[in-house]
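Taking it in order: structure first as structure tokens, then the write-up.
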Amino acid sequence: MTTPQLHAVVTGASSGIGAATVKRLIAAGWRVTAVARRAERLEALAAQTGCDVVVADITSDADVDELAHSVEQPVHALVNNAGGAVGWELIADAPLEAWTQQYALNVVGTVRVTQALLPALCDSGRGDVVNVTSTAGHEPYEYGGGYVAAKHAEAAMTRTLRLELTGTGVRVIEIAPGMVHTEEFSLNRFAGDGERADQVYAGIEPLMADDVADTIEYALTRPHHVNIDLLVVRPREQGGATKTVRRD
Ligand code: 8X3
């Protein structure tokens, strides 16, 4: 008897960890639906990998409804990777808009897509929800308060979801990466300031997007009775959120 092909939906797939995850899962024989806002980037990824694409903004009810209706079933895995940081300020000075934006994207956006695809994941008979959070969801650091708070909320939501889905056959997995040098994470945080973005990774060998995609693939490909609750992954030189040892 041949094993049916597994199907994953990956959000935030137009670059970085999301795109790397699409590539890895396709190489491992999965069918993948890549979801992101930027159609051109998704089309390029589709041409390169053969993935399916859905253009959607996870902060939009209408887009996510459309995703739920258009995605082909069965869906065996949802990789909630879309997210990000905005700004670098003390809490005393941070614009509240940035806090709202980060909560809307990292927390509410993840919940929105999860709610929309949960029926399909349950119907598949072996569903997985993978939430890509951050070490910022487990350790605070100064100047990143809005992101730290949003990622703590996303991590707490993930643990709650696991309790709620216990017994349904759906695994809930959290991958918490530390410093990952992607083309966009720090650029977005620093409003397009490339020099500041590059300084984040100066003097260390950061994780690359594929290092995180590797851990996502690992968690997804364990026998289905094995739930990796939380996998924390960081560069060797980052001992903690506030301790990075750099070469001169
Ligand atoms: C990204 C890791 O260290 O910038 O989620 O918070 S960090």
Side-chain angles (χ1 to χ4, degrees), residues 10-21 36 58-59 79-91 93-95 98-99 101-111 113 130-159 173-216 219 228-247:
V10 179
T11 70
S14 57
S15 69
I17 295 168
T21 301
I58 68 157
T59 65
V79 180
N80 281 312
N81 164 71
V86 180
W88 186 256
E89 299 98 0
L90 294 173
I91 291 173
D93 306 324
W99 276 65
Q101 196 184 341
Q102 289 173 102
Y103 199 87
L105 178 59
N106 293 287
V107 187
V108 184
T110 298
V111 173
V113 181
V130 179
N131 288 348
V132 181
T133 62
S134 170
T135 47
H138 299 270
E139 300 165 79
Y141 55 86
E142 294 147 289
Y143 299 95
Y147 183 65
V148 163
K151 286 297 183 184
H152 271 71
E154 190 184 356
M157 179 275 283
T158 304
R159 291 164 62 196
I173 296 161
E174 178 184 352
I175 306 289
M179 263 189 221
V180 187
H181 195 175
T182 60
E183 54 183 313
E184 294 183 304
F185 177 83
S186 289
L187 259 189
N188 290 338
R189 164 167 264 172
F190 296 120
D193 182 337
E195 212 170 301
R196 279 190 82 186
D198 286 345
Q199 278 167 14
V200 173
Y201 311 105
I204 67 157
E205 187 177 349
L207 298 181
M208 302 306 285
D210 185 60
D211 295 319
V212 183
D214 183 30
T215 66
I216 294 169
I228 305 283
D229 284 16
L230 168 63
L231 202 157
V232 179
V233 52
R234 14 170 156 245
R236 187 185 55 211
E237 272 69 42
Q238 187 186 27
T242 55
K243 168 117 188 178
T244 302
V245 176
R246 299 176 193 271
R247 293 184 305 271

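Sequential numbering from 1 along the given sequence is applied to the chain's residues. Being a predicted model, the structure only gives us computed values, none of them experimental. Counting starts at 1 for both ligands and their atoms, in listed order.
When the shell of 6.0 Å around CD of Glu142 is examined, it contains 12 or fewer heavy atoms from other residues, nucleotides or ligands. Surrounding OH of Tyr103 are at most 12 heavy atoms belonging to other residues, nucleotides or ligands under 6.0 Å away.
Listed by number with element, the atoms of ligand 1 under 4.0 angstrom from any heavy atom of Tyr141 are 4 (O), 6 (O), 7 (S). Listed by atom number, the atoms of ligand 1 under 4.0 Å from Tyr147 heavy atoms are 1 (C), 5 (O), 6 (O). Within ligand 1, counting atoms from 1 as listed, the ones closer than 4.0 Å to a heavy atom of Arg189 are 4 (O). Annotation for ligand 1: atoms under 4.0 Å from non-hydrogen atoms of Gly178 are 1 (C), 2 (C). For ligand 1, the atoms sitting less than 4.0 Å from at least one non-hydrogen atom of Ala136 are 6 (O), numbered in the order shown with element in parentheses. In the vicinity of Phe185, heavy-atom distances shorter than 4.0 Å reach the ligand 1 atoms 1 (C), 4 (O), 5 (O).
The aromatic rings of Trp88 and Tyr143 lie parallel to each other, their planes meeting at an angle below 30°, with 60° marking the opposite boundary.
Annotation: Ser134 places an N or O atom under 3.5 Å from an N or O atom of ligand 1; distance criterion only. In terms of polar-atom proximity, Thr135 is not counted as a contact of ligand 1, lacking any N or O under 3.5 Å from an N or O of the ligand.
Ligand 1 is never approached by Lys151 to a heavy-atom distance shorter than 4.0 Å. Within the structure, ligand 1 lacks Gly144 among the residues with a heavy atom less than 4.0 angstrom away.
For the pair Thr242 and Tyr141, the tightest heavy-atom approach, listed with the atom from each and the gap, is CG2-CB, 3.9 Å.
Looking at Val113 and Asn80, their side chains come closer than 4.5 Å, going by heavy atoms from C-beta outward. Looking only at side-chain heavy atoms (C-beta outward), Ile204 and Met179 come within less than 4.5 Å of each other.
When only non-hydrogen protein atoms are considered, atom 3 (O) of ligand 1 lies nearest to Gln238 NE2, 4.0 Å.
A distance of 6.0 Å or more separates the ring centres of Phe190 and Phe185.
Of the charged side-chain nitrogens involved, none lies within less than 4.0 Å of a carboxylate oxygen, so that Glu205 and Arg247 do not count as a salt-bridged pair.
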